[in-house]
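Structure record follows, encoded as structure tokens.
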Number of protein chains: 2
Amino acid sequence: MTKKATPSPGAIKAWARLMRVSRQLMESAEEALKAAGLSPLAWYDVLHELAEAGEGGLRPFQLIERTLFAQYSISRLLARLEADGLVEKLPVADDGRGQTIRITANGRETRRKMWAVYGRSIADLVGAKLSADELTMVSALLGRLRHPPASD
Amino acid sequence: MTKKATPSPGAIKAWARLMRVSRQLMESAEEALKAAGLSPLAWYDVLHELAEAGEGGLRPFQLIERTLFAQYSISRLLARLEADGLVEKLPVADDGRGQTIRITANGRETRRKMWAVYGRSIADLVGAKLSADELTMVSALLGRLRHPPASD
DNA sequence: TCTACATAGATGCAATTGCATTAACTTTGG
DNA sequence: CCAAAGTTAATGCAATTGCATCTATGTAGA
């Protein structure tokens, strides 16, 4: 009998804090971007992955794995990013179904501008609130909650 | 010069973990409810607040304060809950604009059923992953991130 | 009292999301 | 080589969300 149907008060509190705080912080960051006239966080996430991927770009399904967005969500997000000239879609040599998404110079510039605001939000909302050790501890503890228990 | 434009690597990592883990866990819980043929988490949040409030009920604006949902979101959610017979709307004696929302017996029952599933998710996803001390630590650290820095 | 302003809650409309399906390939197994 | 099954990405349509506004009521000050 290791399965508990009802969580401990400590677990409930940790859960509640996690849900509430993450939502609040996310909204604060989102708000800051909007106030600066920039695009939503989801755009940043994708541009960030693409920037890290470099010239080789990424396939949409790889973006799905990395960002955890839904397939249709990525499909539409990429359509908007392309319409805005932030990414380009290239055919894939050995797979006629697929495409490779590559960030454009314009996309990199947009990402840079977004980071100026987003990074400051992170610094203000998290960096300024906890010490380096505490940050490490939070990361480690949250890491143990990953579901399924894997990857970074 | 205490304002940092760029967050430390530790802050970035903690932020990323927080956003990713909270989303994953939320989705897992949401999925479990759906798989059990139950309503979404937002319904639970509201029913929970109303159940705690007791016979006196709560005004919609109080629900907004407690749940952090948007005004229009609460307005529509309550309309659906009422349509399902889970809550009832009562006029307020001394304020003709307002109403008091009270949970019904049916609503309490629905909340109970949802908790059976939701509680198990919390136990599995959080309670089973960290010790009591670690849970306390997570709650404390996350508590320091509340924004604005206040209330429980 | 009357006007100006504030607060409570609902809602029209456009944009976004989620679900289910589809179209266009690829791969596998006979 | 062919049929069946799998993968990749897009999309029609309904439901939900977000924004801005609106109605109704309450409050404060001239």
Side-chain angles (χ1 to χ4, degrees), chain A residues 23-24 26-35 37-46 49-50 53 56-84 87-102, chain B residues 23-24 26-35 37-46 49-50 53 56-84 87-102:
Chain A
R23 235 191 321 164
Q24 287 177 325
M26 175 86 84
E27 269 167 29
S28 289
E30 202 77 76
E31 218 171 88
L33 283 171
K34 181 169 300 190
L38 299 171
S39 307
L41 263 185
W43 289 40
Y44 181 85
D45 289 345
V46 168
E49 293 299 336
L50 291 175
L58 287 176
R59 300 283 299 272
F61 72 85
Q62 295 179 298
L63 281 169
I64 291 170
E65 294 167 0
R66 286 168 170 70
T67 62
L68 304 182
F69 289 138
Q71 184 268 322
Y72 64 81
S73 182
I74 286 291
S75 176
R76 284 163 172 154
L77 185 39
L78 290 177
R80 288 170 205 163
L81 288 170
E82 187 189 28
D84 272 35
V87 306
E88 49 189 352
K89 297 183 175 183
L90 310 168
V92 176
D94 60 339
D95 190 339
R97 295 165 302 183
Q99 47 187 307
T100 292
I101 309 297
R102 193 164 59 192
Chain B
R23 233 192 319 166
Q24 285 177 326
M26 176 86 85
E27 269 167 30
S28 290
E30 202 77 76
E31 219 170 87
L33 284 171
K34 180 168 300 191
L38 298 171
S39 308
L41 265 184
W43 288 40
Y44 181 86
D45 289 345
V46 167
E49 293 298 337
L50 290 174
L58 287 176
R59 301 283 300 270
F61 71 85
Q62 295 179 297
L63 281 170
I64 291 170
E65 293 166 1
R66 286 169 170 69
T67 63
L68 304 182
F69 289 138
Q71 185 267 322
Y72 64 80
S73 182
I74 286 290
S75 176
R76 284 164 173 154
L77 186 39
L78 290 177
R80 289 171 205 163
L81 288 170
E82 187 188 28
D84 272 35
V87 307
E88 50 189 352
K89 297 183 174 184
L90 310 166
V92 176
D94 61 339
D95 188 340
R97 296 166 301 183
Q99 49 189 305
T100 291
I101 309 298
R102 193 164 59 191

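By convention in this document, chain letters (A, B, ...) are assigned in the order of the sequence lines, proteins followed by strands, and residues within each chain are numbered from 1. Only heavy atoms go into these numbers, but all of them, side chains included; no hydrogens, no water, no symmetry mates.
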Only pairs under 3.5 Å count here: list side-chain donor-acceptor contacts from residues 28-35 of chain B, not counting sequence neighbours, and write none if there are none.
from: S28(B); atom 1: OG; to: Q24(B); atom 2: O; distance (Å): 3.2
from: E30(B); atom 1: OE2; to: L41(B); atom 2: N; distance (Å): 2.7

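Here the side chain of S75(B) pairs no donor or acceptor atom with the backbone of Q71(B) at under 3.5 angstrom. Using modelled atom types, one side-chain atom of R59(A) and one backbone atom of Q99(A) make a donor-acceptor pair closer than 3.5 Å.
In this structure, W43(A) atom CH2 and dA15(C) atom C1' are separated by 13 Å, rounded to whole Å. The nearest whole Å value for the distance from the CG atom in L78(A) to the P atom in dT8(D) is 15 Å. Between I64(A) atom CD1 and dA10(D) atom C1' there is a gap of 11 Å when expressed in whole angstrom units. A straight line from CD of E27(A) to C1' of dT17(D) spans 13 Å, rounded to a whole angstrom. If you measure from atom CD of E65(A) to atom P of dT7(D), you get 12 Å, rounded to the nearest angstrom. A straight line from CG of L58(A) to P of dA9(D) spans 11 Å, rounded to a whole angstrom. One can place CD1 of I74(A) at 16 Å from P of dT11(D), the figure rounded to the nearest angstrom. Distance F69(A) CZ to dT17(C) P: 9 Å, rounded to the nearest Å.
Between K89(B) and the phosphate of dA10(C), there is a side-chain N or O to OP1/OP2 separation shorter than 4.0 Å. Checking the phosphate oxygens (OP1, OP2) of dT8(D), no side-chain nitrogen or oxygen of Q62(A) falls inside 4.0 Å.
Remark: I101(A) CD1 to L78(A) CG distance equals 4.5 Å, nearest 0.5 Å. Rounding to the nearest 0.5 Å gives a distance of 10.5 Å between CD of E88(B) and CG of L50(B).
Here the side chain of S75(B) is nearest to one of dA8(C), dT8(D), dT11(C), namely dT11(C). Closest to the side chain of F61(B), out of dA9(D), dA10(C), dG9(C), is dG9(C).
Of the two residues near DNA chain D, R80(B) and G98(A), the one whose nearest nucleotide lies more 5' is G98(A).
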Given protein heavy atoms under 4.0 Å, the one-letter contact record of nucleotides 18-24 of chain C, with B base, S sugar-phosphate only and - none, is simply BB----B
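Of all heavy-atom pairs between G56(A) and T100(A), the closest is O-CG2, 3.2 Å.
When side chains are defined from C-beta on, F61(A) does not count as touching I74(A), because their heavy atoms never get closer than 4.5 Å.
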